[in-house]
S.K.: 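The structure that follows is given in the form of structure tokens.
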Protein chains: 2
Amino acid sequence: MLDEIKTVARQHLATDGANLSLRAVARDMGMVSSAIYRYFPSRDDLLTALIIEAYNALGDAVEAAAAGPDRLDLRARWHAACRAARDWALTHPAEYALLYGSPVPGYAAPDDTVSPAQRPPLTLVGLLREGLETGLLSPPPADELSTPLHDDLTELADVFFTGIPPALLARGMAGWTQLFGLISFELFGRLNQTVAHRDEYFDHQVGLLADLIGLPQPR
Amino acid sequence: MLDEIKTVARQHLATDGANLSLRAVARDMGMVSSAIYRYFPSRDDLLTALIIEAYNALGDAVEAAAAGPDRLDLRARWHAACRAARDWALTHPAEYALLYGSPVPGYAAPDDTVSPAQRPPLTLVGLLREGLETGLLSPPPADELSTPLHDDLTELADVFFTGIPPALLARGMAGWTQLFGLISFELFGRLNQTVAHRDEYFDHQVGLLADLIGLPQPR
DNA sequence: CCAAAAAGAGAGCACTGCTCTTGACGCGGC
DNA sequence: GCCGCGTCAAGAGCAGTGCTCTCTTTTTGG
């Protein structure tokens, strides 16, 4: 029953975006609107459930893609992970917008969402750690960071990304940011009448970021 | 009168986001809701007016910042333009979200918005053109692009960015994308409990992008 | 088989965007 | 002076929304 509601709600998400209507969902299920409130105490709780599911679906896709290629071919795994994120976003645009679009006004994401939300960036940075451990990836010079930023990122590394030097972490975050920007621009129509070959464009930009991070070229 | 409505609407935008209420705006002005419709035929038209104003405000800020430093110090101008965009976004978060957040469901941006929307990226790419003309910037190797992407970008350059070789244009677009991603992540709370020194973080990431684009270090 | 628990139905409140009709002003021509 | 006309605002009304409350039906368990 919970699943049925979520399924119908996902369909409405595609057309109505974040302001989907509980009453419309109820109508589609042949129920009366008040009956939904037995399962989800409020509309925001329904949204939260959808958000968590979406984060996990995206996380599954990215993690699976990153584990696909040869473990030592970091560049292939980086590309695969990025493509998986983009593919998921293109097939689930409304859910992606819910996750990474403008925050819904008046909606504060509860704590249950933060752990699923961290899965995609964690896998990307996981590639960096593996690169360091296998010696395939050499960290950028440490002196390129200002002191306060250095401290911020070492602390961040201690909590989430153990063993990543701050300068490399900054570049990893740049990659994650850029990946998000690329997908958002494409999805939100910023590439319309601009770039026709979206796949090639995306791959090229992801490759540029791989260069910036320092991922080695395949031999 | 039009201006007064827009001013009040901007205030509501800050709290209610994209789904601001015409009736609430009218209440604040001591009018009845139907009177607003004499000035804006629909809520979407009000949104459009706000969007155009916001694009122009952002464009003004970015253009002014890019013209501030020494004309030949491309890197300083790049940093200034990026900082201006971020500053504007931080002081006008709701309007930024309206421009670059998830598209409002059911709302299609009319053609009046595309020209103001192009001002920020045009100024950024304008820096690249000046760099080429003054010889301060050397374009990346042309063979790093696949053929279809090369064709796309040369065509795009012909229309909007005359004189920019496609490989450089791709890097400029990467910069624009990254700038958008950086601001969005910060504004949408993705840096909470992660990076404390936001200014330093932003500057560092913008510097990384400047490196990728090939902007020369100041002497 | 019958009581207890769970699930749905329905009415209602305050709110939304939007339309239509009605009434109040001010201004120029006769 | 007064009549028409265009501009403005007001009010009622329609269909929709999230949410709460009460009441009835259905299902379940001992």
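Owing to the predicted nature of the structure, the values given are computational and were not obtained by experimental measurement. Every chain is numbered from 1, with letters handed out A, B, ... down the list of sequences.
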S.K.: Starting at CG of A:Asp28 and ending at P of D:dT17, how long is that distance when rounded to a whole Å?
M.R.: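 Those two atoms, CG and P, are 11 Å apart.
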S.K.: Reading DNA chain D from 5' onward, which residue's closest nucleotide shows up sooner: B:Ser33 or A:Arg23?
M.R.: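 Nearest-nucleotide comparison on DNA chain D picks B:Ser33.
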S.K.: Starting at CE of A:Met1 and ending at P of D:dT28, how long is that distance when rounded to a whole Å?
M.R.: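 Those two atoms, CE and P, are 12 Å apart.
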S.K.: Rounded to whole Å, please give me the gap between CG in B:Asn19 and P in D:dG16.
M.R.: 19 Å
S.K.: Could you tell me whether A:Met29 contacts a base, only the sugar-phosphate backbone, or nothing, with contacts defined as non-hydrogen atoms closer than 4.0 Å?
M.R.: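 Nothing: the residue A:Met29, judged by heavy atoms under 4.0 Å, touches no strand.
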S.K.: One thing to verify: whether A:Arg75 and A:Asp211 come together as a salt bridge, which I'm taking to mean a side-chain N less than 4.0 angstrom from a carboxylate O.
M.R.: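 Salt bridge present between A:Asp211 and A:Arg75.
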S.K.: Regarding A:Phe40, tell me which of base, sugar-phosphate or nothing describes its non-hydrogen contacts under 4.0 Å with the strands shown.
M.R.: nothing
S.K.: Report yes if at least one side-chain N or O of B:Ser34 is closer than 4.0 Å to OP1 or OP2 of D:dA9; otherwise report no.
M.R.: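 So the side chain of B:Ser34 is outside the cut-off, no N or O lying under 4.0 Å from OP1 or OP2 of D:dA9.
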S.K.: Starting at atom CZ of A:Arg27, determine the distance to atom C1' of D:dG16, rounded to an integer number of angstrom.
M.R.: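 Rounded to the whole Å, the gap is 8 Å.
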S.K.: Atom CG of B:Leu46 to atom P of C:dG17: distance rounded to whole Å?
M.R.: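 Going from B:Leu46 (CG) to C:dG17 (P), I get 10 Å.
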S.K.: Would B:Asp199 and B:Arg83 pass as an ion pair if we require N to O under 4.0 Å?
M.R.: no
S.K.: Heavy atoms under 4.0 Å, any strand shown: does B:Leu20 hit a base, just sugar-phosphate, or nothing?
M.R.: sugar-phosphate
S.K.: Kindly point out which of C:dT16, D:dT17, D:dG11 is positioned nearest to the side chain of A:Ser21?
M.R.: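 For A:Ser21, the side-chain atoms sit closest to D:dT17.
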S.K.: Select one nucleotide: of C:dC18, D:dC19, C:dA9, the one nearest the side-chain heavy atoms of A:Val32.
M.R.: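 Shortest atom-to-atom distance from the side chain points to C:dA9.
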S.K.: Would you mind reading off the distance between B:Leu2 atom CG and D:dT7 atom C1', rounded to a whole angstrom?
M.R.: 14 Å
S.K.: Without decimals, in angstroms, what is the distance between A:His12 NE2 and D:dT17 P?
M.R.: 9 Å
S.K.: Between B:Asp44 and B:Arg38, which residue's closest nucleotide on DNA chain C lies nearer the 5′ terminus?
M.R.: B:Asp44
S.K.: Quick one: which of D:dG16, C:dT19, C:dA7 gets closest to the side chain of A:Tyr39?
M.R.: C:dA7
S.K.: When you check the side-chain N and O atoms of A:Tyr107 and A:Thr48, is any donor under 3.5 Å from an acceptor?
M.R.: yes
S.K.: Quick one: pull up CZ in B:Arg171 and CG in B:Leu215 and give me the separation to the nearest 0.5 Å.
M.R.: 11.0 Å
S.K.: Please state whether the rings of B:Tyr100 and A:Phe185 are parallel, tilted or perpendicular, taking 30° and 60° as the class boundaries.
M.R.: tilted
S.K.: What integer distance in Å separates B:Tyr37:OH from C:dT19:P?
M.R.: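 For the pair B:Tyr37 OH and C:dT19 P, the rounded distance is 7 Å.
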